[in-house]
Amino acid sequence: MYVPYLPETAPFTPEQRAWLNDFFRELALRTLGVGGDGQATDTLPFVSGDGQATPAPPAPPRYDRKHPFPAHLLQRRRLTDEGSSKDIRHVIFSLEGSGLSYEVGDALGVYPENDPELVEALLATLGYTGDEPVPGPDGTELPVREALLRHYELGTLSRPLLEAAAPAHEWLPKLLDDREALQRYLTGRDLLDLLREAPAFRPDPATLVGLLRPLAPRLYSISSSPRVHPEAVHLTVGVVRYEAHGRLRKGVCSTFLAERAALERPVPVFVHTNPGFRLPADPDTPIIMIGAGTGIAPFRAFLENREATGARGPNWLFFGERNRATDFLYREELEGWLQRGVLTRLDTAFSRDQAQKCYVQHCMLEQARTFYAWLEEGACVYVCGDATHMARDVEAALLTIIQQESGRSEEDARAYLAELKKTRRYQRDVY
């Protein structure tokens, strides 16, 4: 197929002809161009200004959750200092050649690999060699070792798996009818625990993987601005390790990124858009950011973006962690933004530095009058962190500030907060 060419005799200016030629080319590409593998199915000739047909460049590959981009790990460094009770890493992936784009507020989906030590323990417990062929989630046949390593969840036990194992388990049959008791049992347990507690449950490899859930990607809030890092994406990753039921447990993706992901081997990633967590369209709008721990991630991106775009609106950050000496994430960057006037105010809460624990919601209440004044001046409020505790307590503090500083009743304060949500002046990225 040839893209229509407008000759010079057509009643258009040269600029109009050039624009229309580009339009017809793009229309043809979109109509015929991209197949299921993300590559152009036809090479469409483009007619240049001299009337000569030249092959159009192939459409760039499109990457998404089902077709992730193999990204190379550029850097991982520890943010928490020696002596910290936490291990938090700054991780950078290259997006060069991907065609992927993101906005501040978006997340990056990462497909991890399971811990190979756990996989080997499972194979030994089950009596498998590891070479037995099994179907992957997409039906492709592969060795069971590879399937367990890269394609199936080992820490999240499905209902069909529990039901299959129940006849060989001492107390699992009773738990299946009690949701709360079952949840307590599952907390901190994985497939290896289940197999050891049900020694008579030894399905063949194909049956086993048929009872497992596909390995799901993990989402991390992006901590960089594409205006500053156009071909890279930064993450702030809290590494999960804990003891449970006599064994060390490791977060699947966090320890993969911290310990096992290799610089020379690409990691499948994709951009997860988050339209409900966006900077205000007006760059003069004040913003208040409230984050604890790795919840600072999107706010680092916000500040990078506000500086890069020359946004004049004031920026106020509330940040909380355990200890100032070891857990002050991005301290040098934050202090630099303060000195340059990008960050207008910085309030910190380090919960373990004094006898009585102090959290970000306490800092908010200490600054209630100023906080409410910013709200009345049109500020947008952003919250990122743990949904169960931190975000809930922050919202309670926000309601208290509105009620206390405005003289509103509790009902009217809730209506005020509801209006903030409706007008997108109160946005949350919680997990």
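Between the side chains of T273 and D106, no donor-acceptor pair is found at a separation under 3.5 Å. In this structure, a donor-acceptor pair under 3.5 Å is absent between the side chains of Q75 and H234. No donor-acceptor contact under 3.5 angstrom links the side chains of T187 and R189, judged on distance only. Side chain to side chain, Y102 and S224 meet the donor-acceptor criterion of an N or O pair below 3.5 Å. With 3.5 Å as the limit, one finds a donor-acceptor pair spanning the side chains of S85 and R322. In this model, a donor atom of one side chain and an acceptor atom of the other lie less than 3.5 Å apart for D353 and N323. A donor-acceptor contact closer than 3.5 angstrom is absent between the side chains of R300 and T236. No side-chain N or O of R150 forms a donor-acceptor pair with one of N114 less than 3.5 Å apart.
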Intermediate values then yes/no, salt bridge (Lys or Arg N to Asp or Glu O under 4.0 Å), D193 and R247
CA-CA 10 Å; D193 294 307; R247 287 173 45 217; 3.0 Å; yes
CA sep, side-chain torsions, deciding dist, call: R227, E304, salt bridge (Lys or Arg N to Asp or Glu O under 4.0 Å)
CA-CA 8 Å; R227 291 179 175 271; E304 277 194 345; over 6 Å; no
Steps toward salt bridge (Lys or Arg N to Asp or Glu O under 4.0 Å) verdict (E321, R352):
CA-CA 8 Å; E321 251 299 351; R352 310 297 172 88; over 6 Å; no
Working for side-chain hydrogen bond (donor to acceptor under 3.5 Å, both in side chains), residues R260 and T255:
CA-CA 7 Å; R260 305 189 298 277; T255 56; 3.2 Å; yes
Walk me through whether E153 and R218 qualify under salt bridge (Lys or Arg N to Asp or Glu O under 4.0 Å).
CA-CA 12 Å; E153 292 281 358; R218 273 55 173 177; 2.8 Å; yes
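In terms of the side chain to side chain contact (heavy atoms under 4.5 Å, CB included) criterion, residue partners of K421 (sequence neighbours excluded) are, by chain and number, E395, L417, Y426. Residues meeting the ring pair (Phe, Tyr, Trp, His ring centres under 6.0 Å) test with Y330, sequence neighbours left out: H90. Taking E120 as the reference, R145 meet the salt bridge (charged side-chain N to carboxylate O under 4.0 Å, His left out) condition, with sequence neighbours excluded. Residues passing the side chain to side chain contact (heavy atoms under 4.5 Å, CB included) test with A206, sequence neighbours excluded: P135, D204. Every salt bridge (charged side-chain N to carboxylate O under 4.0 Å, His left out) that R89 has, sequence neighbours left out, goes to D87. Residues forming a side chain to side chain contact (heavy atoms under 4.5 Å, CB included) with T388 (at least two apart in sequence, or on another chain): D386.
F328 has its ring centre less than 6.0 Å from the ring centre of F350.
The closest donor-acceptor contact from the side chain of T125 to the backbone of A121 lies under 3.5 Å. Checking side-chain atoms of R306 against main-chain N and O of R312 turns up no donor-acceptor pair under 3.5 Å. Between the side chain of R202 and the backbone N or O of A198, at least one donor-acceptor pair lies under 3.5 Å. For S84 (side chain) and D81 (main-chain N/O), no donor-acceptor pair under 3.5 Å exists by modelled atom type. In terms of modelled atom types and a separation under 3.5 Å, the side chain of S351 and the main chain of K357 share no donor-acceptor contact.
Taking the six-membered ring where the residue is Trp, W171 and Y185 present perpendicular rings, their angle passing 60° and hence far from 30°. Relative ring orientation between Y359 and H362 is described as tilted, the plane-to-plane angle lying within the 30° to 60° band.
For the pairing with Y382, the ring pair (Phe, Tyr, Trp, His ring centres under 6.0 Å) check across F302, W316, F318 returns one residue only, F302.
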